[in-house]
Colleague: 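Pasting in a structure now, in structure tokens, and then I'll have a few things to ask.
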Amino acid sequence: MTTLVVGASGATGIKLVEQLLIREQNVKIVVRSAKKLPESWKNNERLQIITASILDLSDLEIATYTQGCDAVASCLGHNMNFKGIYGQPRKLVTDTTRRLCSAIKENTAENPVKYVLMNTTGNRNRDLEEPISFAQKCVIGLIRILLPPHVDNEKAADYLRTEIGQDNQFIEWVAVRPDGLINEDKVTDYTIQPSPTRSAIFDAGKISRINVGHFMANLICDDDLWNKWKGQMPVIYNQSTKN
Ligand SMILES: NC(=O)c1ccc[n+]([C@@H]2O[C@H](COP(=O)([O-])OP(=O)(O)OC[C@H]3O[C@@H](n4cnc5c(N)ncnc54)[C@H](OP(=O)(O)O)[C@@H]3O)[C@@H](O)[C@H]2O)c1
């Protein structure tokens with residue numbers, strides 16, 4: 001099986017790629033620079049490194065890179081500096097999702113391709129009645145105005161939910177929603193819920209990036225797990241997060 005990963009140079013993207021390589025998957029990554037990547041990756045025969053900024057690629061190039069892939073995963077996120085938050089591309093995650101999905105549709109593969117999007121618990125799954133308090137609604141409204149990357153994350157998941165939908169011939173998707181991200185070296189126990197069990201704003205839990213990578217890799221490799229979560233927006237917490 002081959003997976004294309006975008007955002008592979010990021011803190012979570014690196015963990016996802018490592019988890020896929022542990023599972024002996026073939027992986028293609030598109031990164032702006034190979035400098036941040038682990039040295040061992042450069043001689044790994046299972047890994048193809050494409051050095052490019054994803055949105056600078058032509059439609060034909062994106063179609064070529066997605067061709068033959070069983071899964072595509074995005075760990076993209078805006079860099080947390082002024083340029084990353086307020087500069088272009090404002091719709092990095094949404095436009096990348098849209099263009100990768102268009103390419104997947106163009107490729108007309110025999111079996112549906114799995115699309116795994118790294119999203120956030122700050123976003124609601126509007127297919128479900130996910131209750132949030134009035135105070136949280138107000139804060140999220142403010143975040144939408146002040147932090148464009150949040151809107152981008154919401155739109156990317158909305159695109160999968162409403163435009164790809166539940167019954168697409170060429171694409172199946174899961175939008176994984178981590179709570180507060182932390183760094184840990186080892187995979188630990190974690191829980192997966194269909195919806196948040198705590199407030200993402202006033203009572204955020206924790207999840208390690210390696211656990212997010214582990215779950216995303218399992219979704220890609222394990223069809224039973226995939227069938228359980230496809231078309232949904234599972235929320236992931238470290239087991240050790242106190243309730
Ligand atoms: N922080 C949290 O607690 C939290 C919780 C839930 C969800 N999230 C979401 O998860 C995302 C990923 O988290 P992370 O910590 O793994 O992020 P990260 O380390 O900042 O990684 C972001 C990735 O996106 C790439 N990228 C950024 N701007 C780009 C551009 N203009 N063109 C192409 N690639 C670009 C980066 O590439 P370069 O290496 O080239 O910069 C990097 O590979 C966050 O951004 C957020 O949306 C965060």
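Atoms within each ligand, like the ligands themselves, are counted from 1 in listed order.
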Colleague: Does G84 reach ligand 1, in the sense of a heavy atom lying below 4.0 Å from it?
Modeller: no
Colleague: For ligand 1, indicate whether the residue A11 contacts it via side chain, backbone, both or neither (heavy-atom separation under 4.0 Å).
Modeller: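 The answer is both.
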Colleague: Could you walk me through whether N211 and S208 satisfy the side-chain hydrogen bond (donor to acceptor under 3.5 Å, both in side chains) test, starting with their C-alpha distance in whole Å, then the side-chain angles of each, then the deciding distance to 0.1 Å, before giving a yes or no?
Modeller: CA-CA 5 Å; N211 282 349; S208 66; 3.2 Å; yes
Colleague: Check ligand 1 against G7 and write out every atom of the ligand that is under 4.0 Å from a heavy-atom position of the residue.
Modeller: 43 (O)
Colleague: Looking at atom 32 (N) of ligand 1, what's its closest protein heavy atom, distance included?
Modeller: L92 CD1, 3.5 Å
Colleague: Tell me whether R32 has any N or O atom under 3.5 angstrom from an N or O of ligand 1.
Modeller: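 So ligand 1 has an N or O lying under 3.5 Å from an N or O of R32.
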Colleague: Would you mind listing which atoms of ligand 1 come within a distance below 4.0 Å of any non-hydrogen atom of G180?
Modeller: 3 (O)
Colleague: Less than 4.5 Å apart, any side-chain heavy atom of W226 and any of V116?
Modeller: yes
Colleague: Determine whether I85 and M80 make a side-chain contact, defined as any pair of heavy atoms from C-beta on separated by less than 4.5 Å.
Modeller: yes
Colleague: To which protein heavy atom is atom 12 (C) of ligand 1 closest, and what is the distance rounded to 0.1 Å?
Modeller: M118 CE, 3.6 Å
Colleague: Do I192 and K228 come close enough that some side-chain heavy atom pair is under 4.5 Å?
Modeller: no
Colleague: Could an N or O of ligand 1 be found under 3.5 Å from any N or O of G10, whether backbone or side chain?
Modeller: yes
Colleague: Might you work through the side-chain hydrogen bond (donor to acceptor under 3.5 Å, both in side chains) test for N111 and D70, ending with a clear yes or no?
Modeller: CA-CA 8 Å; N111 297 315; D70 306 282; over 6 Å; no
Colleague: One residue to check: T121. Relative to ligand 1, which of side chain, backbone, both or neither has a non-hydrogen atom less than 4.0 Å away?
Modeller: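 Contact part for T121 vs ligand 1: neither.
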Colleague: Return yes or no for this condition: an N or O of G77 is under 3.5 Å from an N or O of ligand 1.
Modeller: yes
Colleague: Does A63 offer a backbone N or O that forms a donor-acceptor pair with the side chain of N107 under 3.5 Å?
Modeller: yes
Colleague: Are V93 and L117 packed together at the side-chain level, in the sense that at least one heavy-atom pair is separated by less than 4.5 angstrom?
Modeller: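 Result yes, sub-4.5 Å side-chain heavy-atom pair found.
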Colleague: For D179 and ligand 1, answer yes if some heavy atom of the residue is under 4.0 Å from a ligand atom, otherwise no.
Modeller: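 For ligand 1, residue contact (heavy atoms, under 4.0 Å) with D179 is present.
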Colleague: One pair to check against salt bridge (charged side-chain N to carboxylate O under 4.0 Å, His left out): R177 and E130. What are the steps and the verdict?
Modeller: CA-CA 14 Å; R177 290 184 287 172; E130 293 187 339; 2.8 Å; yes
Colleague: Starting from the C-alpha separation in whole Å, work towards a yes-or-no answer on side-chain hydrogen bond (donor to acceptor under 3.5 Å, both in side chains) for S58 and E61.
Modeller: CA-CA 5 Å; S58 68; E61 285 169 315; 3.3 Å; yes
Colleague: For R161 and D158: C-alpha separation, side-chain torsions, deciding distance, then whether salt bridge (charged side-chain N to carboxylate O under 4.0 Å, His left out) applies.
Modeller: CA-CA 5 Å; R161 211 173 43 76; D158 276 352; 3.1 Å; yes
Colleague: Yes or no: does I207 have any heavy atom under 4.0 Å from an atom of ligand 1?
Modeller: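 No, that is not the case, since the closest heavy atom of the residue is not under 4.0 Å from the ligand.
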Colleague: Could you tell me whether ligand 1 has any atom less than 4.0 Å away from a heavy atom of S53?
Modeller: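 S53: in contact with ligand 1 (<4.0 Å).
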Colleague: Could you list which atoms of ligand 1 come closer than 4.0 Å to a heavy atom of R209?
Modeller: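 Within the 4.0 Å cut-off of R209, ligand 1 contributes 14 (P), 15 (O), 16 (O).
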Colleague: Counting only heavy atoms from other residues, nucleotides and ligands, does the tally under 6.0 Å from CZ of F202 exceed 12?
Modeller: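 Check passes, neighbour count above 12.
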Colleague: For L76, which of V6, V5, T94 qualifies under side chain to side chain contact (heavy atoms under 4.5 Å, CB included)?
Modeller: V6
Colleague: Is T120 close to ligand 1, meaning an N/O of one under 3.5 Å from an N/O of the other?
Modeller: no
Colleague: Can you tell which of R98, K91, E154 makes a side chain to side chain contact (heavy atoms under 4.5 Å, CB included) with Y159?
Modeller: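 Checked R98, K91, E154 against Y159; only one passes side chain to side chain contact (heavy atoms under 4.5 Å, CB included): R98.
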Colleague: Within the 4.5 Å heavy-atom criterion, are L219 and K114 side-chain neighbours or not?
Modeller: no
Colleague: Which residue supplies the protein heavy atom nearest to atom 47 (O) of ligand 1, what is that atom called, and how far is it?
Modeller: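 The protein heavy atom lying closest is N153 ND2, 2.9 Å.
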Colleague: With a heavy-atom distance limit of 4.0 Å, tell me whether K36 approaches ligand 1 through its side chain, its backbone, both, or neither.
Modeller: side chain
Colleague: For atom 37 (O) of ligand 1, what is the closest protein heavy atom, and at what distance to 0.1 Å?
Modeller: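 Checking every protein heavy atom, the shortest distance to atom 37 (O) of ligand 1 gives S9 OG, 3.3 Å.
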Colleague: Considering only protein heavy atoms, which is closest to atom 6 (C) of ligand 1, and at what distance to one decimal place?
Modeller: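 That would be P178 O, 3.3 Å.
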Colleague: Consider ligand 1: state whether an atom of it lies below 4.0 angstrom from any non-hydrogen atom of P149.
Modeller: no
Colleague: Which residue and non-hydrogen atom of the protein lie closest to atom 25 (C) of ligand 1, and at what distance in Å?
Modeller: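 In this structure, atom 25 (C) of ligand 1 has L76 CD2, 3.7 Å as its nearest protein heavy atom.
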Colleague: Which heavy-atom pair separates C101 from I164 by the least distance, and what is that distance?
Modeller: CB-CD1, 4.0 Å
Colleague: Give the residue, atom name and distance (to 0.1 Å) of the protein heavy atom nearest atom 48 (C) of ligand 1.
Modeller: L181 CD1, 3.3 Å
Colleague: Under 4.0 Å, heavy-atom basis, I'd like to know which part of R177 is in contact with ligand 1: side chain, backbone, both or neither.
Modeller: neither
Colleague: Does ligand 1 have a heavy atom under 4.0 Å from the side chain of P89, from its backbone, from both, or from neither?
Modeller: side chain
Colleague: Could you tell me whether atom 41 (O) of ligand 1 has a protein heavy atom closer than 4.0 Å?
Modeller: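 Protein heavy atom within 4.0 Å of atom 41 (O) of ligand 1: present.
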Colleague: Starting from atom 7 (C) of ligand 1, locate the nearest protein heavy atom and write down its residue, its atom name and how far away it is, to 0.1 Å.
Modeller: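 For this ligand atom, the closest protein heavy atom is N119 O, 3.1 Å.
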